[in-house]
Amino acid sequence: WAEKRYSGGRHSNEGVVVPIIHKRVELGTYAGSDAMLRLLRNQGFQVGDWPEDMISQPGFAWSPRPVYVDLIEVSAAELGFKNKVRYGDVTKTLLQEGYELCPHEVGPQWRRQYPDQPANNWVMLAMNPIVDSVGYQSIFFLGRGSGGLWLGASRGHPNVLLKPESRFAACCSMPAA
């Protein structure tokens with residue numbers, strides 16, 4: 001886990017300064033859902049049934065080799081959205097701003113590598129949704145509340161409405177293929 005804070009920022013399409021917080025996450029260190037879920041639980045992280053189901057889906061991809069991705073964390077309001085916004089509009093704006101969607105593996109790996117997540121902090125991953133066993137399009141979130149450190153899940157359908165204060169993580173650098 002490495003973190004770099006930049007004193008500067010950049011302007012979104014609405015002229016809002018977007019703070020840039022880079023977080024480096026290592027992928028490719030566990031190649032299977034059982035091993036990852038066991039590790040998370042053994043380290044005291046809370047994992048709900050829904051994200052466990054997501055990790056176990058055939059569409060969930062694990063990196064075949066160790067690589068690092070750098071993340072930014074930003075709210076919908078910082079992207080220029082002043083009212084409720086659709087998840088699809090958030091991801092579209094992030095892509096237009098030059099960011100990339102998170103690989104699926106970022107969810108469980110970032111949870112494992114972010115034990116010092118601030119209290120009352122909840123961050124959704126901007127990612128291509130995983131279709132779970134019920135057929136819902138789902139995305140991961142990381143949270144820290146009174147119940148501890150969580151790897152959770154939320155609906156990831158493009159039309160899901162979210163509040164402007166909703167926070168998202170997206171990739172600002174991806175390894176070369």
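By convention here, the first residue in the shown sequence is residue 1.
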Problem - Stepwise side chain to side chain contact (heavy atoms under 4.5 Å, CB included) test for L94 and I72 - result: CA-CA 10 Å; L94 286 165; I72 58 107; 4.3 Å; yes
Exercise for the section: I would like to know whether W50 and D132 meet side chain to side chain contact (heavy atoms under 4.5 Å, CB included); could you show each step before the answer? Expected result: CA-CA 8 Å; W50 193 357; D132 64 24; 2.8 Å; yes
Practice task
Evaluate the criterion side chain to side chain contact (heavy atoms under 4.5 Å, CB included) for residue pair R24 and V69; output intermediate values, then yes/no.
Solution key: CA-CA 6 Å; R24 179 161 282 180; V69 295; over 6 Å; no
Problem - S63 and E105: CA distance, side-chain angles, deciding distance, side chain to side chain contact (heavy atoms under 4.5 Å, CB included) verdict - result: CA-CA 7 Å; S63 177; E105 187 179 354; 3.3 Å; yes
Without placing hydrogens or testing angles, list every side-chain donor-acceptor pair under 3.5 Å for residues 145-156, not counting sequence neighbours.
{"from": "R155", "atom 1": "NH2", "to": "Y136", "atom 2": "OH", "distance (Å)": "3.3"}

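When all heavy atoms of C102 and C171 are compared, the closest pair comes out as CA-SG, 3.8 Å. P129 approaches I139 most closely through the heavy-atom pair CA-CG2, 4.2 Å. Contact record, A169 with W110: CB-CZ3, 3.5 Å, taken as the closest heavy-atom pair. Looking at every heavy atom in both residues, P158 comes nearest to R86 through O-CB, 3.3 Å. Taking both residues in full, the closest heavy atoms of V85 and A76 are given as CG1-CB, 3.8 Å, listed atom of the first, atom of the second, then distance. Smallest separation of non-hydrogen atoms from S33 and I55: CB-CG2, 3.2 Å.
Counting only heavy atoms from C-beta outward, the side chains of Y114 and L71 never approach each other to under 4.5 Å. Put simply, the side chain of F81 reaches to within 4.5 Å of the side chain of D89, judged on heavy atoms. Between V123 and F141 there is no side-chain heavy-atom pair separated by less than 4.5 Å. The shortest side-chain heavy-atom distance between M36 and P108 falls under the 4.5 Å cut-off. Between Q109 and T29 there is a side-chain heavy-atom pair separated by less than 4.5 Å.
Looking only at atom types and distance, the side chain of Q57 has no donor-acceptor partner in the side chain of S133 under 3.5 Å away. Judged by distance alone, the side chains of R111 and Q117 do bring a donor and an acceptor atom under 3.5 Å apart.
Judged by distance alone, with hydrogens and angles left aside, the side-chain atoms of S166 form no donor-acceptor pair with the main-chain N or O of L162 at under 3.5 Å. Formation of a donor-acceptor pair under 3.5 Å by the Q113 side chain with backbone atoms of E26 is found in this model. Between the side chain of H157 and the backbone N or O of S138 there is no donor-acceptor pair closer than 3.5 Å.
When the options E78, M124, E73 are evaluated for a side-chain contact (heavy atoms from CB on, under 4.5 Å) with F168, the one that passes is M124.
Heavy-atom contacts from other residues, nucleotides or ligands closer than 6.0 Å to CG of N42 number more than 12. For CG of D49, the number of neighbouring non-hydrogen atoms (other residues, nucleotides, ligands) closer than 6.0 Å is 12 at most.
Note that CG of L95 and CD of E100 are 8.0 Å apart. Values are rounded to the nearest 0.5 Å. How far CG of L39 is from OH of Y30: 4.0 Å, rounded to the nearest 0.5 Å. From L161, atom CG reaches atom CG of N83 across 11.0 Å, with rounding to the nearest 0.5 Å. Put simply, CG on L142 and CG on L125 are 6.5 Å apart, with the number rounded to the nearest 0.5 Å. To the nearest 0.5 Å, atom CG of residue N121 and atom CZ of residue R167 are 7.0 Å apart. Here the CE atom belonging to M127 is positioned 11.5 Å from the OG1 atom belonging to T91, to the nearest 0.5 angstrom.
Partners of R41 according to the salt bridge (charged side-chain N to carboxylate O under 4.0 Å, His left out) rule, which considers only residues two or more places apart in sequence or in another chain, are E52.
Between F140 and F60, the ring-plane angle classifies as perpendicular under the 30° and 60° cut-offs.
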